[in-house]
Structure formats: C-alpha cells, structure tokens
Amino acid sequence: MIATLLLLHVVVCATLAIAGRRWGRLSLLIAAVPPAAATIWAVSRLGSDEPAHAHLAWVDTLDVAMTFHVDDFVEIMTLIVSGIGVGVFVYAYGYFNDKDTSVGRFAATLLAFSTAMLGLVWSDSVWSLFVFWELTSVTSFLLVGHKNTNPEALLSARRALMVTGGGGLALLAGLLLVSQSAGATLLSEIGPAEGTSVTVGAVLVMVAAATKSAQVPFHAWLPGAMVAPTPVSAYLHSATMVKAGVVLVAVMGPAFSAIGAWKALGLIFGITSVIWGAVGALRQRDAKLILAWGTVSQLGLLITLFSVGNPKATLAAVTLLVSHALFKGALFLIVGEVDVRAGTRDIEQLGGLARTMPGTFAAAMLAGLSMAGVPPLLGFVAKETAIEAVLALNGAEMWLVGAGVIGGSVLTVAYTMRLLIGMFGSGPTTPLAAQHGALSAPSRILALAGVVGYFALGPLEELIAPAAERLAAESVGNLYRWPGLTLGLWISVAVVVLGSIAGLVACRLRLSVPAGWAAGVTDTAVDFTLVSGRWLCARLQHGSLPVYLVTMATTLALAAIPFVIHIGSGSDSFDHLIWWHSPLQAVMALAVVASSLALAAVATRLGAGIALGAAGLSVAALFVIHGAADLALTQLLVEAAIVVGFVLAFGHLSRSFPPVGLRWRAVRMAVAGLGGAAVVIGLVAASHEPVAVPPLDEMVTQAAEIGGGNNVVNVILTDIRALDTLGEVFVLAIVALGVLALARTSRQDEKNQAEDTAQPTALQSTTGSPALETAVTESGSQ
Amino acid sequence: MTESLSPIIRLGTQAAGPFAIIVGFYLLFAGHNSPGGGFAAGLVFGAVLALRTIAGLQPAGNGLTLLAVGAVISASVALMPLAWGDVLFDQQVISTELPLLGKIKTGSALLFDFGVTAIVVGTVVAVLEGLGVAEFAVTSNSNTDSSKGDTDCSEAQP
C-alpha cells in the first residue's frame, strides 16, 4: 500500500507537470487527490497496532534499499502532511486566479514536495531518508522561487537551498558514520551507541536538523522564504518541511540518548531559537514574517523538548507538534486570505477587519489563542504538558529548559496579541476585495480542529500517547484537559498575564523592523562560496593548453610523492627491475625516447606531428614484441586516425609553434621532467610487490567457456569487464558531444567577430554570401 | 585548399575504401577469437569516412546519429538480460551450423561490439567535424568556384 500511494503521487505529479498548463486551476484540485488518498489510508489505519512496512530493493549488493515503516508516530506525521496538504491544495484553488498561467507548474511542484515529504516521514532506511530529505530541499527551492521574475524570490530561494541542502550533506555524513558504527542501515535497527564516530555522527545529524528546522544561527532562510505564495508558506514553512528536522531529532533521539553532545547541542539550538525567534516576531510588521519568526521559535521549543528526552517532554513535544500544525497552518492561511482581499500584510496598515471579516476574525482568534496556550484549546494542553515536563526535571537543567519554555511562552503570548490586535483591532478599516469560498474553508476547519481536539482529548490521546511511547520507549503518562490548581496552572496564568501586558506594550511601542543581519551573513557566506568557486575555476580552467598540461603534470608529480617516500624509506627499491626481455625492446625504447626528445625540440608543427607519429609507432612495436597484438593493432589505427586529424588541423594553424619565453620554457621542462619521473616511480612501486598472482589461467578458461571466444583481451572488454567498456564508450560519446559543442560555439564567435569588425575587408573571405559574390564579380568586370 | 581535390587522394580513397571497409568488418567479427574488435573496427570505419569527406566524395556529418545508435545498442545489451531476470551483461552464446560458412559461434558480445563501433565512428566523425572538416570540404568547393570566376573575369578583362 505504501508503494502504491507513493506511485500514485508520482504519476499524478508527472501528469500535472506535462498537462497542468492546459488545466489551469483545476490542476490544483487534481493534485489534492493523492494526499486525500494518503489521508484516508492513514485514518483507516488508526488504532491498528501492526505497523505498515514496505521494502524496495535498490542496490542489493551494497545493501542500499528504500525501506518504509509506518508506526504510530509516523501515522501522526502522515495525517499532518497529507491532511493539511489537501486543505492547502483547496486553499490554493481560491488563492490563485484563472489568469495565472503558472498554476499548473505550481500544482506539480507542490505535489512533488508532498511526495518527498511523505517519503521522508515514512523512510526507515538511511538512504531513502537522505534522498527524500534532499528532495524536499529541492522542491522547496523551486516553490520559494516560484515567482521567477522577482529577484528577491530568487535570492531567497538560493539561500534556502544552500542552507538546507548543505545541511543535507551534513545529514549524509552523519548517517553514514552512525550506520557504519551501528552496522545497520535501518533507523529502527540503530540502537543506543557511544563512541567518537557516533558522537561526530550525532552532532552532524543535529546540525542537519537545525538547518532544516531553521534554528538559530541557520534560521535566516525561513523568513526569506516568505516571498513564496502563501499556500507554500502555510504548507512547507510551517506545517511540514520545517518539521523534518524535528522529526529527525525525535526519531534519532533514542539512539543518541547516551551522547552528551547530542542533548547539549539540541538544547543550545532549541532554547536560543525559542527566545530569538519570538523576539524577532515581536519586531516585524509584516504579518507573514511575524508568523515565520514565530515558527522559528516554536520549532526551537519542539527541538528543546525532544532533546530533553524524558517521557513527559516527549509527550508534550508530540502534542505541540500536532497543535502547532493546526494553529500555525490556520494562521498562515488567514494571513494569505487577508493579503488577497486587503492587498497588504502590514499590521500597521491593516485594521478593523473584525467587523468586515467576522468569520476570519473568529478563526484567527481560535488559532491565535491556541498558539498563546489559552483554554479551551489544544495549544493549552501542549503548553501545560511542557511546563509539567520542565517541573519534573531537576537542577540546572530545569532552570535552563524552564527559562526557554516559559520565557518563550510569554513572548509567544505577546507576539500573538500584537498580531491579532494589529490585524483585527481598531484602526482605519481596510477596503476588501471579493471573497472566494475555497480561500476560507480550510483555515476555518484547521482552527476549529484546535477546539475539537481540546474537548475530544480522549480519542486524541489514544493517537498521541502511543506515538510518544514509541519514541520514549516507556509509558509517558496522560494528557489533561484541566490540570487542577497545580503549580503548572499558576505558571500558565502568569505566562498569559505577563505576555498580554508585553503584547499591549509592544503594540504601543511601534518597534522598528530590524535589519536582517543573519540573512546578510548567510548571503555573504553563499556569495563567498560562489566567488571562490569561480576564482578556483578560473585558475584551473585557464583556457590555455600549456597551462592545462602543466596543471595535470604537476598533479601527477604530487600524486607520486607517497611512492617516493616508500622507495626512500627502503621498503621499495629498483632491484626487481630487469633491463629487457629481448634486446629489440631496448632498441624500440631508444626510438621512443629519441622521437620524444625530437618532438620537444623541433620548431615546426609538421615536424612535431611526424615525431609524435614516430613515438606512437615505436610504442606499437614494443607491444608487438610483448605479444600484445590487440594493443599494437589499436595503437596503429589510432596513429592513422591522428594523421587524418593533423591534416585537417594544419589548415588552421601556423607553420611553427609560437615563441616561448625562457622562464616559461624552464618551468615547462621542469614540470615535464617531474611528470615523467612520477610515472616511472609509480610504475616501479606498483610492480615491486604484487599482492596476488594475476588470474590469467582463470581468465583464459572463462573467456572460452563463458564468453565463447578465444581472444581473451576482447572477451575481457565485451564480457568480463563489459561494464567498464560501457562506461568508457559513453565517456567517448560525451567527449564527442563536447567537441561538437565547443567547435560550434567557437565558430559562432568567429562569425560574430568577423561581422563586427571591418565589413568591407572581409570580402575575400566571405565568398559564401551570394550578394558579396556578385559584388566581387561586378567589380571585376568593370 | 585545392590539394584536397588532388586526383591521387580521390582515386586512392575510392580504390582503397571498399577494402578498408572489408578489413573493418573482418576486425569486427573476428575480434572474439583473434586480434580486432569493435574499437579497432570503429577506427578503420572512421578513418575511411574521414578520408572520403576530405576527398570530397561525400558530405560531412556530425556523428550525432551514430553516437545515439551506439549508445542505445550498447546500453540495451547491458540492460536486456535484466528483463528476463538475469544479471547485467549476461552473455548469450549462440552457435549454429550455417550453409557454406560451417559452424558459427557468436553471442550478444558481438552486438555489444556493434554499439562500441558505432560510438567510436561517431566520435571520430565528431572530432573531425570539430577540427573543421565541413569547412574544409565546403570552402574547397567554393574556393574553386570563385577562383574559376576570378580567372573568367581576368580573362574577360583584356
């Protein structure tokens, strides 16, 4: 079933990519079908204890496979990814208008993301996890840059890709380290472990999670990604993709629970982000940016709770995961609705929407108060559980995590107040455009789900508690609708009171929007990477043939250093070399050396061509003496083909080589000598101690029996090592395509230059043009 | 470059070409049991094509079709065994009695060699095209045309 669902996603996605342009907005509703199917499947599985499992072999011999595993926790993520996905597709149907021609592309890309995200949360093998992780980064890049004529969108898309894609590389390295030391590639089989390589791996995985989940200091891409259309912000950048890091921390947590660095790093990322994200949210004026910074803060809270790792905190984290997806999704959709209808998202300009948009106002209040953690809403349950989890800790950890959770909650209440008052409170009433039903329905449903979840906590708990138990591997206790007059409740009351006061103050203060220093730093880092890449490329891809050769020969010489050390330390020597098998070899070797020296000394190109041919033929003769008829034949034929090439090339080139300065000549000679010495030394070292007898007899019998041929060389090429040959001929084909492309561009350049410079003098050379030809004839006949 | 129209080159190519093609086919088919093979055959065919182009016996191509055909053939030989559940590149050996030729033993390796040959010929043609073989053939023709025109004019002038 898992494979079928993924296949359905891929098929619909491919169809939309091809035909979506014609279908317009309808493609969004078609794209909602696969997520709806996944949602129905997940709902139908609720309550079943048996985890779903799927295994697709990929490269069996390397133990690389796509393995999927859907247990209680993954089921919740499936409901979030696919359920909210359906809502977002319906919302996007109202968000875009029919004139927009990019809707088909948008639907296909958004569905591609949905597929990747499902694959990510379902993955059990490290390979599929990594592949889908990077796929979400790529699709996010495409979606952030959806308005591909807007330079800001392109910059933000690039920033998002570099940060999350770079994190993906850290993830790959981390997972490889961990799975190697655990000896397992399935996440469910990687047990608790310790040791240096596991610690390094755990740190890398945590860094990857922090980049994906926009934790300080990697957070800058998330507010930037808000240039994307609102459905993208609601779906990727609040409900799902940014949760990928949190999910990773949750799933890997049990395996890394014994590693101090994992927990410490998680708490540092988490607590810093809780506070800094909330402060950022308080300072923005764009409603969408307020929510984005708020997401950074909430994600920090999730990372903190999962990093703490005790059962109660895990329960709180899973509850917050669910309630955050509901209220943050709803708020984003509402902001998008206001943006479409009022034409702005600036809370200083918006106002009075409580009267003109009463339904939206009610939904925003429900979602906002859930975010602030006020009963009777699901957010309250999550926050109460988190506070209780903090109180269950002891010592410094309690104070540290407590400062994060409680401080973050106060600030959350404050920015929620500021957002709601700014949008809906008194002020000049903003004029509104007409409304589309599809634009408002999903946000109402998500907002109401927070209330329903609070009152139907019993059934919800049956969903959340097993998931948390699966992560914590022990009983996690219960969720409470009303905790009673406990210390936790009083803290909660204090949080709401303090937060409200802070929020009202912030409304009055009209804080200035800060400069995005983190975005600047990220961009500078990205630019630096690109600039240094270009610099290096300009040095290596110099464009001058002699410089290329010098680079290659120098590299060769450097590569031979280990062999030189080996010989110098006495473990290798030249003793095993013999002068020759037959004196004829010495003669041919002398011929090779002589023609090579002549090649270097001769001044004309024709002479160099002849000397090169002489060297090649002498080598062919050496092959013959050795009895390698195939090699000799091929060498001769190559020499023949080269002659034809020379005939052509001489037409374009000057007769003699261009003059070379004395110093440059010295450098070239030195490098050539070093390169030659490197080859000799490498061969000597390689032939000194053969580690095994060449399986010659085996190959000869194999060639006749399996390959059905007596020419062992050819059977090796076409059968025993056929894959190598296949690779080589494809390299040949690619080189040929490269040659054609280069020739075509350089000819085009020459043509352009010829047209640009001196039209009249070009008469003689451009006899191909009929007009000029007649001109020549006319001038001649006069 | 009127040298390319030298009758010696043209006649030589015309005379030797068919023999070279036969040699190429010999190398291709004999490769499994004696020196030769797809790579060598490709070089021979490529050299013949190049000579014929230089001698003005045929228009210059760019080798793209040959490259594509070769890539498809060699990749198919590699992948086809997977379709019936064998491993990559699994060799199929066929041996039959044919009239006149006697016992023939061949296999999918020969087909693979066809692909290699096509790619090698394609590469030779592409590289020659890159070195300006087309220009060579075309300009040699137009040069003669215009030089003829010039001589006509100069003759007409006095």
Side-chain angles (χ1 to χ4, degrees), chain A residues 628-634 636-638 640-641 643-649 651-652 703 705-711 713-715 717-723 725-726 728-730 732-744 746-747 764-765 767-768 773 776-777 779-782, chain B residues 1 27 31-40 43-44 46-47 50-51 54 62-64 67 70-71 74-75 77-78 88-89 91 93 95 105-107 109-110 112-113 115-116 119-120 122-133 135-136 138 142-143 145-146 149-150 153-154 156-157:
Chain A
D630 273 282
L631 282 178
L633 179 67
T634 312
L636 283 175
L637 290 169
V638 168
V643 169
V644 181
F646 270 132
V647 168
L648 286 170
H652 298 280
E705 282 170 17
I706 306 172
N710 301 324
N711 180 358
V713 176
N714 205 44
V715 174
L717 285 178
T718 58
D719 193 12
I720 300 175
R721 293 268 174 236
L723 200 58
T725 312
L726 186 71
E728 279 155 21
V729 292
F730 269 84
L732 266 190
I734 292 164
V735 167
L737 289 180
V739 168
L740 281 178
L742 269 179
R744 213 159 276 180
S746 65
R747 230 161 269 163
Q764 305 301 322
S765 60
T767 43
E773 220 160 22
V776 172
T777 343
S779 64
S781 59
Q782 274 166 7
Chain B
M1 292 186 194
L27 290 174
H32 223 46
N33 289 314
S34 38
F39 193 84
L43 284 171
V44 172
L51 279 174
I54 292 173
N62 57 14
L64 281 180
L67 289 175
S74 47
V77 174
L88 204 68
F89 269 117
Q91 168 83 272
V93 182
S95 73
K105 194 174 170 195
T106 182
L110 183 66
F112 182 65
D113 255 350
V116 173
I119 288 187
V120 172
T123 308
V124 171
V125 173
V127 170
L128 294 177
E129 155 78 11
L131 286 172
V133 76
E135 212 177 296
F136 202 94
V138 171
S142 60
N143 270 354
D145 288 345
S146 61
D150 285 346
C153 296
S154 53
Q157 219 161 17

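Numbered from 1 within each chain, the chains take letters A, B, ... in sequence-line order.
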Undergrad: Going by the rule side-chain contact (heavy atoms from CB on, under 4.5 Å), which residues pair with A/Leu631 if we only count those two or more places apart in sequence or in a different chain?
TA: A/Phe623, A/Ala628

Undergrad: So which heavy atom on A/Ala722 is nearest to which on B/Phe112, and how close?
TA: O-CZ, 3.8 Å

Undergrad: B/Ile119 and A/Val729: which non-hydrogen atoms are nearest, and at how many Å?
TA: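 Minimum heavy-atom separation between B/Ile119 and A/Val729: CG2-O, 3.4 Å.
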
Undergrad: Taking side chain as everything from C-beta outward and backbone as N, CA, C, O, which of these in A/Ala733 sits under 4.5 Å from a heavy atom of chain B? Side chain, backbone, both or neither.
TA: both

Undergrad: Taking atom OG1 of A/Thr725 and atom CZ of B/Phe39, what is their separation to the nearest 0.5 Å?
TA: 10.5 Å

Undergrad: Which atoms of B/Val124 are under 4.5 Å from chain A, going by heavy atoms: the side chain, the backbone, both sets, or neither?
TA: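 Nothing of B/Val124, per the 4.5 Å heavy-atom cut-off to chain A.
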
Undergrad: Any idea which of A/Leu723, A/Val735, A/Val643, A/Val644 has the most non-hydrogen atom pairs under 4.5 angstrom with chain B?
TA: A/Leu723

Undergrad: What pairs with A/Leu740 under side-chain contact (heavy atoms from CB on, under 4.5 Å), at least two apart in sequence or on another chain?
TA: B/Asn62, B/Leu64, B/Ala126, B/Glu129

Undergrad: Of the backbone (N, CA, C, O) and the side chain (C-beta and beyond), which part of B/Ala71 lies under 4.5 Å from a heavy atom of chain A, both, or neither?
TA: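 For B/Ala71, the contact with chain A is made by backbone and side chain together.
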
Undergrad: Looking at A/Thr634 and B/Leu43, what are the two nearest heavy atoms and their distance?
TA: O-CD1, 4.0 Å

Undergrad: What part of A/Leu633 is in contact with chain B, defined as an atom under 4.5 angstrom from a non-hydrogen atom: side chain, backbone, both or neither?
TA: side chain

Undergrad: I need the minimum non-hydrogen distance between B/Leu67 and A/Ala736, along with the two atoms involved.
TA: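 Heavy atoms of B/Leu67 and A/Ala736 come nearest at CD1-CB, 3.7 Å.
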
Undergrad: Where does A/Leu742 contact chain B at under 4.5 Å (heavy atoms): side chain, backbone, both or neither?
TA: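 Neither; nothing under 4.5 Å.
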
Undergrad: So which atom in B/Ala75 and which in A/Leu726 form the shortest heavy-atom distance, rounded to 0.1 Å?
TA: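 Looking at all heavy atoms of both residues, the closest pair is N-CD1, 4.0 Å.
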
Undergrad: Grab the two heavy atoms, one from B/Ser74 and one from A/Phe730, that are nearest each other, plus how far apart they are.
TA: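 Answer, listing the atom of B/Ser74 first, then A/Phe730: OG-CE1, 4.0 Å.
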
Undergrad: Under 4.5 Å heavy-atom distance to chain B, tell me which part of A/Val638 shows up: side chain, backbone, both or neither.
TA: both

